[in-house]
Amino acid sequence: MIVMNKTCESLRAAVADIADGSVVMIGGFGNSGIPLQLIEALRQHGARDLTIISNNAGVAEIGIASLLKAGQVRKIVCSFPRSSGSIWFERLYEAGDIELELVPQGTLGERIRAAGAGLGGVYTPTGYGTRLAEGKETKVINGKGFVLETALPADVALIKAHRADVWGNLIYNTAGRNFNPIMATAATTTIAEVSDVVSAGELDPECIVTPGIFVDRVVTQEASRHDAA
Amino acid sequence: MIVMNKTCESLRAAVADIADGSVVMIGGFGNSGIPLQLIEALRQHGARDLTIISNNAGVAEIGIASLLKAGQVRKIVCSFPRSSGSIWFERLYEAGDIELELVPQGTLGERIRAAGAGLGGVYTPTGYGTRLAEGKETKVINGKGFVLETALPADVALIKAHRADVWGNLIYNTAGRNFNPIMATAATTTIAEVSDVVSAGELDPECIVTPGIFVDRVVTQEASRHDAA
Amino acid sequence: MMRLNSDEMARRVAQDIPDGAYVNLGIGMPTSVANHVSDDRLVIYHSENGILGVGPAPAPDQVDPDLINAGKQYVTLLQGGCYFDNAESFAMMRGGHLDIAVLGAFQVSERGDLANWATNDDTFPPAVGGAMDLAVGAKQLFVLMRHTTKAGEPKILNQCHYPLTGAGVVKRIYTDLAVIDVTEEGLRVRELYGDNTLADVQALTEARLLPPL
Amino acid sequence: MMRLNSDEMARRVAQDIPDGAYVNLGIGMPTSVANHVSDDRLVIYHSENGILGVGPAPAPDQVDPDLINAGKQYVTLLQGGCYFDNAESFAMMRGGHLDIAVLGAFQVSERGDLANWATNDDTFPPAVGGAMDLAVGAKQLFVLMRHTTKAGEPKILNQCHYPLTGAGVVKRIYTDLAVIDVTEEGLRVRELYGDNTLADVQALTEARLLPPL
C-alpha cells in the first residue's frame, strides 16, 4: 500500500499556482489563527486582482494589510474591516480603490459553510430589516423574518492549523480555529500552514477537527522567516 | 464560586417531564450511538402521541420499535424506516396507524442543524426533480436546482454520548456521533445518556464535540438494566 | 442628577446576570461587566471567535496568542470551557442558546430597535462583526450605554436615525441614569438611580417613558 | 453471452478507482468493491454515518458496537481515518468532496437519471437514506448493477419508471455484460466483456447504445 502525503516542500511551492483574479479565503480572527506565512508567500508570489474573503482586513502592514499595500486586492468580503490600525484598508477604501462587501460575521460563516456543504444558500434572521438585507430576497417563516444568503465559495483557502498529519487531517490551537475549519471545506484548493506534520494515525481520530478530505496541501512554517507567527 | 452540575439522578427523572404530543429527536444510526436506556425510560414514562425524529425506525422490539409497539408514536420523521427486522414500523405503516415523513438523510441533518443554528431553512440540491421535492419551493441558483427545506426543531432530544462532564460537555465513541451532536443543538431540552460523568476540566477542551451549552441534562447508564447498550 | 460612572454601570448589569447563565459581552464597556459578577455565581462567557468559558486575562508569561476574545484581548479558558469554529459559535448566538447578550449602542428606539454598528457618515468605512447575529439570537438582549451622547443628545429615541442592527430586539436598557425595560406598552422605567426623577430622565429621552410599576 | 458474477463485477469497478481517491460505496454489491482494490493503491472510504478511512471488518473479539458502516456491518478505522457527525458527513457528500460514489440501481435512463430508492409499490413503506445526497454530490457517480432484472427486463431505459433518486447524475454504468458511459451524445459502450457484441447488449437494453469509440 502506498502512502498518501499532502505535505508541500515550501511555502512558495504551496501558493505557486494561485492565479490573478482568484477568490482567496484567509482564515483567522484578528491575529488569532491567521496563516501569516502563507499570506507573505502570496504577497511574494504576486498574484493580483484578488478577491479576499476574511473576517478582518489586516492591521499595520502585516497579513492581509500587506496584500492591500501591494495593490494585489480588488475586493474584500468581510465582517469587520475597520480595526484599530487597519490603515491600508481605510486608505484604499477612502480613495475608492477597493470594493467592500460587508457581511455580518455569522452570515459570512454560514455562506462559507453552505459552499462547503453543497447548499445553494440559507435563510438567516440576521440582518432582517437592516441595510445589509437591502436588495436581498426575504421570507417570513412561522412569523419570523429571514434573509436569503447565498453560498460563498472560493478558488483557494489559506488556513492556519496547529498540526497536520500526512493525510491532511488538522487540529488547531485554542481559539485559532475560528474561520479555518469552514474555509477548508469551501475552496477548490485548501492550503494549510501548520507548526508540524505527523504520520497518519498520530492524531487522535476522536479529536481531528478538519478531516483530510478537505485539505489539499499542508506546509510547515519556516522558522527562519521574520514573519513567523 | 458555585459548581454547575447538569447530572440527573436517574433515567426516570431525566424524562419525567416529557409531555404527551411532544416532538422527540432520538440520536443514533441503527444501533450505533442510540440512547437505548433513555428510550426505555420514555417507554416506561408512557408519554403518547409523540412525533419521533430519528434516522431509523427501530428493529425487533428494542429502541424506537418499543415505542411503536407501545402505541406511543403518532408520526415519525426519518430517512430509512425500513430496515431488516423493522417489523413494528412496517405493521403500523401498513395499517395506516402511523404517519411517515420521509426525508433524505443529509436533508434531515441539515434541517436539524438549521433549527439549532437559528436558520429558517436551507436550499439543498438533494431531491431536486424527485418525488421528495413535490410541493416544495425550488430555486435555480447559478444554473443548478435547489429545494427549500425548512428548519426541524424538537421539544426534546434524547442523545447518546460516551462521556460527559458536569457542565454537559460531551465526547462520543467512534461512529456513535452520527445525529447526536446536531440533535443536541435543535431541541428545547436535550438529555444525554452517557457511560460516565467527570468533573469540569477533565475533558480536553480541544476534543469536546458537543459544548455544554447545548445540553440540559446528563444521565449515566444504569448497569443493572437489561437494556444496557 | 445622579450619574453612574462606567464601573458602576457595569456593576449594575452584573447584578442581573443569574448563576449558571451563558452570556456574551460586547466589545467595550460590556466586557467589563464580567469584573463585577459576584464570586458566588458561575457565569459562562461566550466569545464569538469560538470560546465558551472565557476566563480572566492571563499572566504576561502565560499568553497564548491565539487565545483572544472578540475585542482581541488575551484571555484564558475556565476548567470546563471549550473551543469551536465560527459556524458553531454563531449557531449558539443565532440559535437562541445564549441567555443574555450585553451590547453597547448608539441609539435604541422605543420599540427596541438597536443601532450600534454604523453612523450616517459614509466616508467612514463600515464594520458590523457579530452584532447583528447577537441582536437576533440571544434570549435576552441588554443594552449598556450612556443615556445621552457626549453632546447631550438623547440616544433613546422614537426611532433610530442610524442604520439598524436589529429591529425590536432590545429587552432592557442600562444607562448611567436608569434601567428601562422595553415592553409591549412601551419603555417602562424599572429603576431610577439615586434621587433621579422620571421627569429628570424623561427630559434627556426623546421616546416617552412609562413610570415604574 | 459472457456474464460476470458479482465478484467479477466488483473487481471491474475496483480497477477504475485510482490511488488516493475518496470513495463512498453503497450498500450491497458496491460495498464489496473494496475487497478487490489492489494493494498498491490507498483508497480512503467514506461511510455516511460519519467515518473517513473505513478499514476491514474487525476480529470478532475486537468489535466496537458503535463502529459500523452504512450497511450496519462492523468495521474498523484505518490509521489516518477520523470520525464526524451527520452534518459534516453529508457536507462531504453533497459538497462535491468525494471523488467517486458507487451505487446500486433499479433503473438508469439514457440521460443518467438514477432510480434506486423506491419502486411503484405503495404498500411497501419507502426508505431513502443517503442515496439522494450521494447522487447529487459525488464528483463521479458509478452505478453497479445487473444489466437486467431477474425477470430479464431491461434496467437501462429511455426513462426511468420508478421514482428518481437524482436526475442526470450517473456518469458510468457497470453491469454484468458491459461498461457504459453516460455522455452528452448518449450512452456510449466503453467495454464489452468477453465476446459480447454491441447487438447482444443492445437487445437487453431499452435505451439506444452507442458503439465503443
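In what follows, chains are A, B, ... by sequence order, proteins preceding strands, each numbered from 1.
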Atom group of C/Tyr83 that falls short of 4.5 Å from chain B, counting heavy atoms: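 For C/Tyr83, backbone and side chain are both near chain B.
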C/His46 side-chain N/O to B/Ile213 backbone N/O, donor-acceptor pair under 3.5 Å: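 Judged by distance alone, no pair lies under 3.5 Å.
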Working for side chain to side chain contact (heavy atoms under 4.5 Å, CB included), residues C/Met92 and B/Thr185: CA-CA 8 Å; C/Met92 291 176 194; B/Thr185 73; over 6 Å; no
Select, from [options], the one with the greatest count of heavy-atom pairs under 4.5 Å involving chain C.
{"options": "B/Leu119, B/Leu203, B/Asp165", "result": "B/Leu119"}
{"options": "B/Gly118, B/Cys207, B/Pro205, B/Pro211", "result": "B/Pro205"}
{"options": "B/Ala151, B/Ala114, B/Ala200, B/Ala117", "result": "B/Ala117"}

Qualifying disulfide bond (SG atoms under 2.5 Å apart) pairs, either residue in residues 11-43 of chain C, two or more places apart: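 Listed by first then second residue: nothing to list.
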How far does [atom1] of [X] sit from [atom2] of [Y], to the nearest 0.5 angstrom?
{"X": "C/Tyr22", "Y": "B/Met4", "atom1": "OH", "atom2": "CE", "result": "4.0 Å"}
{"X": "B/Thr210", "Y": "C/Glu88", "atom1": "OG1", "atom2": "CD", "result": "7.0 Å"}
{"X": "B/Trp167", "Y": "C/Gln79", "atom1": "CH2", "atom2": "CD", "result": "9.0 Å"}

Could you check whether atom [atom1] of [X] has more than 12 heavy atoms from other residues, nucleotides or ligands sitting under 6.0 Å from it?
{"X": "C/Lys72", "atom1": "NZ", "value": "yes"}
{"X": "C/Glu8", "atom1": "CD", "value": "yes"}
{"X": "C/Asp121", "atom1": "CG", "value": "yes"}
{"X": "B/Glu9", "atom1": "CD", "value": "no"}

Option in C/Ala91, C/Gly80, C/Gly95 with maximal non-hydrogen atom pairs under 4.5 Å from chain B: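 With the most close heavy-atom pairs to chain B, the winner is C/Gly80.
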Contact list for residues 102-112 of chain B, test side-chain hydrogen bond (donor to acceptor under 3.5 Å, both in side chains), sequence neighbours left out: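 Qualifying pairs, neighbours excluded: A/Arg113-B/Glu110, B/Glu101-B/Arg111, B/Gln105-D/Glu48, B/Glu110-D/Arg94.
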Distance-minimising heavy-atom pair for B/Asn169 and C/Cys82: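 Scanning both residues, the minimum pair turns out to be OD1-SG, 3.9 Å.
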